[in-house]
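Worksheet: the structure to be examined is printed underneath.
Labels below follow one simple rule: chain letters A, B, ... track the order of the sequence lines, proteins then strands, and each chain is numbered from 1. Since we're looking at a predicted model, the values are computed, not measured.
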Amino acid sequence: MNLQQKIYKKLLEVPKGKVTTYGELAKAVGLKNGQRTVGKIMNKNPYPVIIPCHRVVMSTGKIGGYAYGEHVKTKMLNDEGIEIENGKIVDSENLIYRF
DNA sequence: TTGGCGGCACCCG
DNA sequence: TCGGGTGCCGCCA
């Protein structure tokens, strides 16, 4: 089980309508300061269809980046009922899923 | 508020 | 096999 496999698996635990952060996800798989690692893994993820990498945001509540463009990520989150305003999630504190 | 650099797995040469 | 560069961040000054 690679680290990336664990990351993908963890990410699948996040329910629709919720999001998680790079830092939380990193710690969830045993990394203390692996935020960038998570980001890189997401960017290079081999299963973009089954991996909801758009549900991962920055700890500040901002959307962060996305391999296919931030606007795409924003739209997908909107489709799941998450409101985005000025590049950041509205009321993110209640939308972030804790493992 | 903004900028800069730290920390880490993975990829490529 | 090994070393250096890279990236959807996060914290501290």
Side-chain angles (χ1 to χ4, degrees):
Chain A
M1 181 72 98
N2 302 319
L3 175 62
Q4 49 187 253
Q5 292 295 319
K6 291 196 283 189
I7 292 177
Y8 300 143
K9 199 165 185 174
K10 276 293 178 185
L11 185 52
L12 290 176
E13 291 180 20
V14 180
K16 178 182 179 185
K18 287 278 190 174
V19 297
T20 188
T21 69
Y22 295 96
E24 283 292 318
L25 196 53
K27 287 189 291 184
V29 296
L31 296 179
K32 304 188 189 76
N33 302 314
Q35 323 87 321
R36 303 191 73 176
T37 300
V38 173
K40 189 184 190 325
I41 299 295
M42 289 298 117
N43 181 244
K44 297 295 184 182
N45 98 76
Y47 315 107
V49 183
I50 65 174
I51 305 298
C53 43
H54 60 279
R55 289 183 192 158
V56 187
V57 300
M58 300 201 286
S59 64
T60 58
K62 290 187 178 182
I63 298 305
Y66 190 60
Y68 304 112
E70 291 182 40
H71 63 96
V72 176
K73 184 172 182 177
T74 300
K75 194 179 193 314
M76 294 185 81
L77 288 173
N78 268 312
D79 290 336
E80 298 192 351
I82 297 174
E83 295 180 60
I84 310 300
E85 194 173 280
N86 295 133
K88 57 179 170 26
I89 294 180
V90 177
D91 196 22
S92 62
E93 284 302 305
N94 294 311
L95 295 176
I96 295 178
Y97 177 80
R98 311 289 180 178
F99 293 101

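Considering only heavy atoms from C-beta on, A/Lys44 stays 4.5 Å or farther from A/Gln4 through its side chain. A heavy-atom distance below 4.5 Å is not found between the side chains of A/Arg55 and A/Tyr97.
Residues A/Lys44 and A/Lys32 both approach DNA chain B. Their nearest nucleotides, taken by heavy-atom distance, put A/Lys32 toward the 5′ side.
Atom NZ of A/Lys6 and atom P of B/dA9 are 11 Å apart (whole Å). Between A/Asn2 atom CG and B/dC10 atom P there is a gap of 7 Å when expressed in whole angstrom units. In this structure, A/Asn45 places its CG atom 14 Å from C1' of B/dC10, rounding to the nearest Å. Put simply, CD1 on A/Ile41 is 17 Å from P on C/dT6, counting in whole angstrom units. In this structure, the NZ atom of A/Lys40 is 18 Å from the C1' atom of B/dG6, given to the nearest Å. For the pair A/Asn33 CG and B/dC8 P, the computed distance is 6 Å after rounding to whole Å. Between A/Met42 atom CE and B/dC10 atom C1' there is a gap of 13 Å when expressed in whole angstrom units. Here B/dC8 presents its C1' atom at 11 Å from CD1 of A/Ile7, a figure rounded to the nearest Å.
Put simply, A/Ile84 and A/Ile96 are part of the same group of oily side chains (I, L, V, M, F, W, Y) that touch within less than 4.5 Å, one to the next. A/Ile89 is not connected to A/Met42 by any chain of hydrophobic side-chain contacts under 4.5 Å among Ile, Leu, Val, Met, Phe, Trp and Tyr, and they are in different clusters.
When all heavy atoms are compared, the tightest approach of A/Leu25 to A/Thr20 is N-OG1, 4.3 Å. The two residues A/Glu13 and A/Phe99 come nearest to each other via the heavy atoms OE1-CD2, 3.6 Å. Heavy atoms only, all atoms of each residue included: A/Ser92 and A/Gly61 are closest at OG-CA, 3.9 Å. Between A/Leu95 and A/Gly17, the closest heavy-atom pair is CD2-O, 3.8 Å. Between A/Thr21 and A/Ser59 the shortest heavy-atom distance is CG2-CA, 3.9 Å.
Applying the side-chain contact (heavy atoms from CB on, under 4.5 Å) test between A/Gln35 and each of A/Asn33, A/Leu31, A/Val38 identifies A/Asn33 as the sole match. Put simply, the residue from A/Glu80, A/Lys73, A/Lys75, A/Glu70 that forms a side chain to side chain donor-acceptor pair (under 3.5 Å) with A/His54 is A/Glu80.
For residues 68-89 of chain A, proximity to DNA chain C is found at A/Lys73, defined as any non-hydrogen atom under 4.0 angstrom from a strand atom.
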Quiz item: With Watson-Crick and G-U wobble geometry limited to distances under 3.5 Å, how should the secondary structure of DNA chain C be encoded in dot-bracket form, using | for bases paired to another strand and [ ] for crossing pairs?
Solution: .||||||.|||||
Please write out each protein N/O paired with an N/O of nucleotides 9-13 of chain C under 3.5 Å, distance rounded to 0.1 Å.
from: C/dG10; atom 1: OP1; to: A/Gly23; atom 2: N; distance (Å): 3.2
from: C/dG10; atom 1: OP1; to: A/Ser59; atom 2: N; distance (Å): 3.3
from: C/dG10; atom 1: OP2; to: A/Ser59; atom 2: N; distance (Å): 2.8
from: C/dG10; atom 1: O4'; to: A/Gln35; atom 2: NE2; distance (Å): 3.0

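Among the atoms of the strands shown, base atoms are found under 4.0 Å from some heavy atom of A/Asn43. A/Ile63 comes within 4.0 angstrom of no nucleic acid atom, judged by non-hydrogen atoms across all strands.
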